[in-house]
Number of protein chains: 4
Amino acid sequence: MSEFNAINQRKQDHINAILSDQAIDRQQSGFDHIQLRHCALPELDFAQLDSQCTLFDHTLAFPLLISSMTGGSGAQLEKINRHLAEAAADQQIALAVGSQRVMMANSDAQRSFAIRRYAPNVPLLANLGAVQLNYGFGLDEAKRAVDCLEANALILHLNPLQELIQPEGDRNFAGLCAKIEQLARELPVPIILKEVGCGLSAADIQRGLNAGIGWFDLAGRGGTSWSRIEAHRASKSQQQALGLLFQDWGYTTPQALQNARPFQDQARFIASGGIRNGIDMVKSVIMGGYVCGVAAPFLQPALQSTDAVVQTITEFKQAFQVAQFLVGAATTTDLFLNDALLVQP
Amino acid sequence: MSEFNAINQRKQDHINAILSDQAIDRQQSGFDHIQLRHCALPELDFAQLDSQCTLFDHTLAFPLLISSMTGGSGAQLEKINRHLAEAAADQQIALAVGSQRVMMANSDAQRSFAIRRYAPNVPLLANLGAVQLNYGFGLDEAKRAVDCLEANALILHLNPLQELIQPEGDRNFAGLCAKIEQLARELPVPIILKEVGCGLSAADIQRGLNAGIGWFDLAGRGGTSWSRIEAHRASKSQQQALGLLFQDWGYTTPQALQNARPFQDQARFIASGGIRNGIDMVKSVIMGGYVCGVAAPFLQPALQSTDAVVQTITEFKQAFQVAQFLVGAATTTDLFLNDALLVQP
Amino acid sequence: MSEFNAINQRKQDHINAILSDQAIDRQQSGFDHIQLRHCALPELDFAQLDSQCTLFDHTLAFPLLISSMTGGSGAQLEKINRHLAEAAADQQIALAVGSQRVMMANSDAQRSFAIRRYAPNVPLLANLGAVQLNYGFGLDEAKRAVDCLEANALILHLNPLQELIQPEGDRNFAGLCAKIEQLARELPVPIILKEVGCGLSAADIQRGLNAGIGWFDLAGRGGTSWSRIEAHRASKSQQQALGLLFQDWGYTTPQALQNARPFQDQARFIASGGIRNGIDMVKSVIMGGYVCGVAAPFLQPALQSTDAVVQTITEFKQAFQVAQFLVGAATTTDLFLNDALLVQP
Amino acid sequence: MSEFNAINQRKQDHINAILSDQAIDRQQSGFDHIQLRHCALPELDFAQLDSQCTLFDHTLAFPLLISSMTGGSGAQLEKINRHLAEAAADQQIALAVGSQRVMMANSDAQRSFAIRRYAPNVPLLANLGAVQLNYGFGLDEAKRAVDCLEANALILHLNPLQELIQPEGDRNFAGLCAKIEQLARELPVPIILKEVGCGLSAADIQRGLNAGIGWFDLAGRGGTSWSRIEAHRASKSQQQALGLLFQDWGYTTPQALQNARPFQDQARFIASGGIRNGIDMVKSVIMGGYVCGVAAPFLQPALQSTDAVVQTITEFKQAFQVAQFLVGAATTTDLFLNDALLVQP
Ligand SMILES: Cc1cc2nc3c(=O)[nH]c(=O)nc-3n(C[C@H](O)[C@H](O)[C@H](O)COP(=O)(O)O)c2cc1C
Ligand SMILES: Cc1cc2nc3c(=O)[nH]c(=O)nc-3n(C[C@H](O)[C@H](O)[C@H](O)COP(=O)(O)O)c2cc1C
Ligand SMILES: Cc1cc2nc3c(=O)[nH]c(=O)nc-3n(C[C@H](O)[C@H](O)[C@H](O)COP(=O)(O)O)c2cc1C
Ligand SMILES: Cc1cc2nc3c(=O)[nH]c(=O)nc-3n(C[C@H](O)[C@H](O)[C@H](O)COP(=O)(O)O)c2cc1C
């Protein structure tokens, strides 16, 4: 199997694993332990509620980003990204594509990422694995990734746990900071440093800041577990056991937001990982998430249709607005970093 | 369906939902986590125990209020209120009726609220939704509501969550404070500001005080969940999901009593929401509830007979008195705000 | 049914309830949350371990008291007390009889309490309900109770919860302190003030001290629940519900030992209520129990034979000594109030 | 049955009990409540990770010791130790043998301990019960134990709980410290003082230090429960009950590591008891374990083959290295006592 075919097949395997094993969604984000202050007299008109925010010079209807999931060669992968893009455009929210490494190996895969035509007016985010900078990728690949979807920013994802569990994983993370710094200097669009389900630590954020990064996607534990997904792909029982052993490794998203707190005046943070409804989103914004990333809950609808994705987006939006109203916040800005809206335990 | 018929049908729907789904009573009030100080040598004669208190110039046998539930056109709704009123009179406790909005739309519904004839000597409380002040109601409707049952006070209920989940909900809560203030100045009887199962916050109470309100019914989370009730009424699955998502939103009643604590010298507070027995009542009074409101546990008996309601009242009373005796409190006043009766964790 | 027959029948009912409903033993004493310091190098010889203590001028093999349970007219009740007495004598531990009120109503019942002949050399404790001092009992009855078994002390039990749940309960606890004080002055043997499963509070102990009492049996919550026992005896469903509602009322035995702590230099405390093995006993002694009372675990063996009771006593003793050895305490005195043996959480 | 046969049979009984009752492994070590700091940007190359450490002048591939388990006369016992030794040699980790008391009673048993030929270049540890110093053993036996496997050190195990539950247990632990001190002075190799599943206390460690001991194996609670194992061997139900009652006695391994903390500059500590994977190992090293001992997880593989043991070792190693990488520690030294790697609760 060529490298291209291997990567492409892997993407399919990941999707199959998620669809077949409910426990990949760990349901341990911890958001349920956080309580919001109810306001019985909000002095607001629900019809006037303003939930908008601005992301990379685009206005979003509410602070939602569909997080990086997929892309590659094949009808199904193309369909997923098209449905997501059309729905994002329709609902005026942001969208990120999955890792574009596959399209560097085979240009057939490009088409699935070329989604700007479906979503001309919303933020679109490109995606590459940061570790690939140690395996031959550089400014050139980054530019191609961005250009392919006329992206507003490039996500560089950090997934050390996944790489270690994957038999074919790329495990040399040494010297990455310097390479990220150089790329950040040279790339015309901003870079977002992102985990994939273990959360960023304060030290990670500090390193990113030192490398000139101004955006971070925290992608905490408690939602999709990549370690468990890789356990499904493992052929040897030892590898499977390893994947399960590490399935709950890392910071939850609320913990990661705590990690980010001291850096709120130096960077913007995307809250993601285990966000499952609009209440989780409101909590995330209050704790410092500038926008909220959600991945797995959009996989099933994306396989179905643009309408199904729109439907899921409106569910998030309705719940977001009900919670926003009930804490008495007229605007998203009234939520952001407003600790007074949390009930202290 | 006329507006009247719609409101009337809704009342019926609510009752059916409660009777068919036990989980509408969330059983999460948190009272069980509060421990009372046992007194083995109470130096009291149970026969001499004084559990009385005074509410709106009436003496209650013990601090119980049957909280607002229903009223409207139709034999069943009339029967419920009559059973409640006769039992309240018999047992010398207070009673509130459900929202009287329905009788403004159709005077047929008035009869079900005209319960003063069944209960001449106990406090009776009228009820309207505060948000209706933004939808055409004013002093006139308030007076009609009060007059209909010669009420001792008018409850204005705040139910933003319910209105947001209800497809037909009234969602403009802007500018309510000023209207409440005006009504409080003009209405001859006191106004009680009340939640319906999410609890009042300190900010809500402060706003009420600023508007001249001297009585609050905290109506906290943990008992009847209106969000879950509305989920039953929803026709679309998305609306159902929303109702379930918010079913545990808000402050528990013990939390709401904490919220009220700093205002105890400026107002009186009714503890309600999830109070399920006389022990919960004693805890509520200790934490600052001047009287205790209970709704859902009286629904089934009220459908049955006056005797069944009397029976339920005496169950609450027996348990209240046993607990009062066992903490060594000769009078209800000995309980009120007496922190020494709580075991500190 | 005569008063005598009623009391006698009640005793039988209690035993039947305990034997038929395992949940009467609440298993919520909380002892399991307390951790003892393990000592791997105890520098002790198990064969030399000294577990003795002195109670009312008798030496006990280890600090165990079989707590008050029964007595009355009838072969079974006599048998129980005889088996307990013979085993207590054999194993050199203390024994208390159940309430002797029954023998005041009918002298037939005396025989079951006249157990000194079976246990000439161990502490035997008489028992009456303190509240009976408000119902005609006085020095005379107290003396008869003590004399009947040549008791070393008289237990006056305080059981307000039980009396309130019992339909036929004696509920006037007013003015008891003065009567207890007078009795304590006049009775030739010491009085032990005792709860029956709700624990004594600091206020109770202070009142007892003021009345001249020097011994307290804390009898906390978490073991036998009298409220639940009375629920079994209730004929009306309302009374049953009341019994179940209060089944977990009161202080656990560890809490009651905390209540007693400030008074340790003014009185002696018997730890009891939910003590189910020798480890619980060691914890109790460390927390300030001078001896440990155990009731329900001895009921079944007592119905069987003296040997069965001996067997149960030796189980408690073995576990007590293993735990004593493993915390490195050569003597019972090394355990008493020795906080250093508890792992601080 | 001769003493020799009795001891030998006992070893077999222990193994059978463990193989037949999964609950002997208590799974309550508490390691899961400790959270490690995830590092998304470790700046490490997995291929360059250094997990080595030095133990008794030997370099270990990673800090693993297979803890004392068995030895004695008979093909199975010999096979176990041979498999363990060959795998330890192959994987470059340390190995301890089970108690060698049996070989003092019958020299037939010596062969099973003579494992140096299978593992010439790794640390091998001899093992005797400390309490045997009170039952006739002394320098002579200690030397024979060490010489038999050319051991690098002698483990003296302290198992007071096991001895008390065992009907035939040796229960005189008095005066042991002085004897240990003398042995430590005279024996040419270091002595390691070790528990067997209840953990060492600070007082135990202090006593050991006073006796000149420089190595401790903490062997905490939460993994193999010897009290429960002995319950299986008990013939009388009373003895069985005692074994079960004490099955969770003692300090967990994390607690024992806390106990050891103040002594870290005076001695070296082996963390053991309930360590079940490489994540537990990393946590243990961070909390002060110089190496990590694991016993029960190796029993089943050891019965099977050298390969099976190798396989289990590599599972521990893989997980250890993944966790080491993910906390960003280039070397084992970077882990040791590095509190910054723990998420504070
Ligand atoms: C099917 C699938 C594919 C994913 N692929 C990528 C990827 O290529 N790049 C990336 O940065 N994250 C990827 N992720 C991670 C998500 O972007 C996200 O960080 C993570 O799933 C946590 O969010 P969730 O709990 O809402 O799913 C993927 C997630 C899923 C479910
Ligand atoms: C059937 C039913 C109808 C209710 N209708 C009203 C109402 O019309 N107005 C109002 O203020 N509260 C209404 N409530 C709310 C109750 O008054 C109360 O605040 C809430 O149910 C919490 O108390 P509970 O847990 O004891 O039921 C209703 C409750 C029930 C169960
Ligand atoms: C069958 C039975 C009868 C009892 N009768 C008495 C009694 O007459 N007087 C008394 O002071 N306590 C009585 N008790 C209470 C016990 O003495 C003890 O305080 C209580 O049961 C808590 O201990 P336990 O959890 O070990 O059973 C009785 C308990 C039992 C189980
Ligand atoms: C089968 C078996 C036999 C053991 N025999 C001994 C022994 O002879 N000497 C000793 O010091 N510890 C002995 N132990 C205790 C272990 O060395 C270890 O301290 C304990 O089992 C806790 O570790 P674990 O939870 O990883 O099993 C034995 C353990 C097992 C499982």
Side-chain angles (χ1 to χ4, degrees), chain C residues 27 29 31-51 91 275-283 297 300-301 307-331 334 338-345, chain D residues 130-131 134 156-165 169-180 193-208 210-211 213 216-221 227 236-239 241-246 248-252 255-256 258-259:
Chain C
Q27 308 210 350
S29 61
F31 280 111
D32 285 352
H33 300 301
I34 296 162
Q35 192 186 352
L36 294 175
R37 290 200 178 274
H38 173 65
C39 179
L41 251 174
E43 288 277 323
L44 295 172
D45 181 357
F46 191 76
Q48 306 292 324
L49 218 58
D50 177 1
S51 303
Q91 291 293 309
I275 294 178
R276 290 297 170 261
N277 56 59
I279 302 180
D280 293 348
M281 286 182 66
V282 165
K283 291 174 180 173
Q300 178 72 63
D307 264 12
V309 180
V310 166
Q311 166 85 2
T312 303
I313 296 171
T314 58
E315 279 177 28
F316 274 85
K317 187 170 173 185
Q318 260 194 309
F320 181 87
Q321 294 198 314
V322 170
Q324 179 186 349
F325 186 84
L326 292 178
V327 298
T331 66
D334 289 346
N338 186 355
D339 287 334
L341 300 180
L342 301 176
V343 177
Q344 299 309 326
Chain D
V131 77
N134 273 349
L156 279 187
H157 69 256
L158 294 160
N159 60 344
L161 174 55
Q162 186 187 8
E163 300 288 348
L164 295 192
I165 305 294
D170 295 321
R171 304 174 176 192
N172 180 11
F173 279 69
L176 273 188
C177 288
K179 292 179 179 166
I180 292 171
L193 215 52
K194 170 178 182 292
E195 239 291 344
V196 303
C198 297
L200 296 175
S201 68
D204 296 327
I205 295 166
Q206 187 61 66
R207 286 182 175 175
N210 293 348
I213 301 297
F216 298 87
D217 184 331
L218 299 166
R221 168 172 76 83
S227 189
K236 290 196 290 180
S237 75
Q238 184 163 348
Q239 209 66 19
L242 195 69
L244 293 179
L245 181 58
F246 281 87
D248 292 320
W249 177 275
Y251 292 105
T252 63
Q255 284 181 319
Q258 280 300 322
N259 293 344

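Quick note on labels: first sequence line is chain A, next is B, and so on, each numbered from 1. This is a predicted model, so every value here is computed, not measured.
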- Could you state the interatomic distance from CG (D:Leu176) to CG (C:Leu41), rounded to the nearest 0.5 Å? 6.5 Å
- Task: Considering only heavy atoms and a distance below 4.5 Å, find which of C:Ala319, C:Gly278, C:Gly328 pairs most often with chain D.
- Result: C:Ala319
- Item | Side-chain heavy-atom pair C:Asp45, D:Asn134 within 4.5 angstrom cut-off | no
- Of the listed residues (D:Asp248, D:Leu161, D:Leu193), which shares the most heavy-atom pairs with chain C below a 4.5 Å separation? D:Leu161
- Taking C:Arg37 for the side chain and D:Ser201 for the main chain, is one N or O donor matched with an acceptor at less than 3.5 Å? no
- Between C:Ala40 and D:Leu200, what is the shortest heavy-atom contact and its length? CB-CD2, 3.7 Å
- Query: Quick one: are D:Arg207 and C:Cys39 in side-chain contact, heavy atoms under 4.5 Å?
  - Reply: yes
- Query: Could you state the interatomic distance from CG (D:Leu244) to CG (C:Asn277), rounded to the nearest 0.5 Å?
  - Reply: 12.0 Å
- Message: I need the residue from D:Gly250, D:Cys198, D:Ala256, D:Ala241 with the largest number of non-hydrogen atom pairs under 4.5 Å to chain C.
- Response: D:Cys198
- Engaged part of C:Leu326 at the chain D interface, taking heavy atoms whose separation is under 4.5 Å: both
- Contact part of D:Glu163 toward chain C, heavy-atom cut-off under 4.5 Å: side chain, backbone, both or neither? neither
- Query: Of the backbone (N, CA, C, O) and the side chain (C-beta and beyond), which part of C:Gln35 lies under 4.5 Å from a heavy atom of chain D, both, or neither?
  - Reply: side chain
- Between D:Leu242 and C:Val322 the two heavy atoms that sit nearest each other are CD2-CG2, 4.2 Å
- Task: Sort out for me which of C:Thr314, C:Val343, C:Ile279, C:Leu44 touches chain D most, counting heavy-atom pairs under 4.5 Å.
- Result: C:Leu44
- Message: Quick check against the 3.5 Å criterion: does C:Glu43 have a side-chain atom that pairs as donor or acceptor with the backbone of D:Ala174?
- Response: no
- Task: Heavy atoms only: give me the nearest D:Phe246-C:Ala323 pair and the separation to one decimal.
- Result: CZ-N, 3.7 Å
- Item | Closest heavy-atom pair and its distance - D:Asp204, C:His38 | OD2-O, 4.0 Å
- Item | Straight-line distance of D:Asn172 CG to C:Gln48 CD, nearest 0.5 Å | 7.5 Å
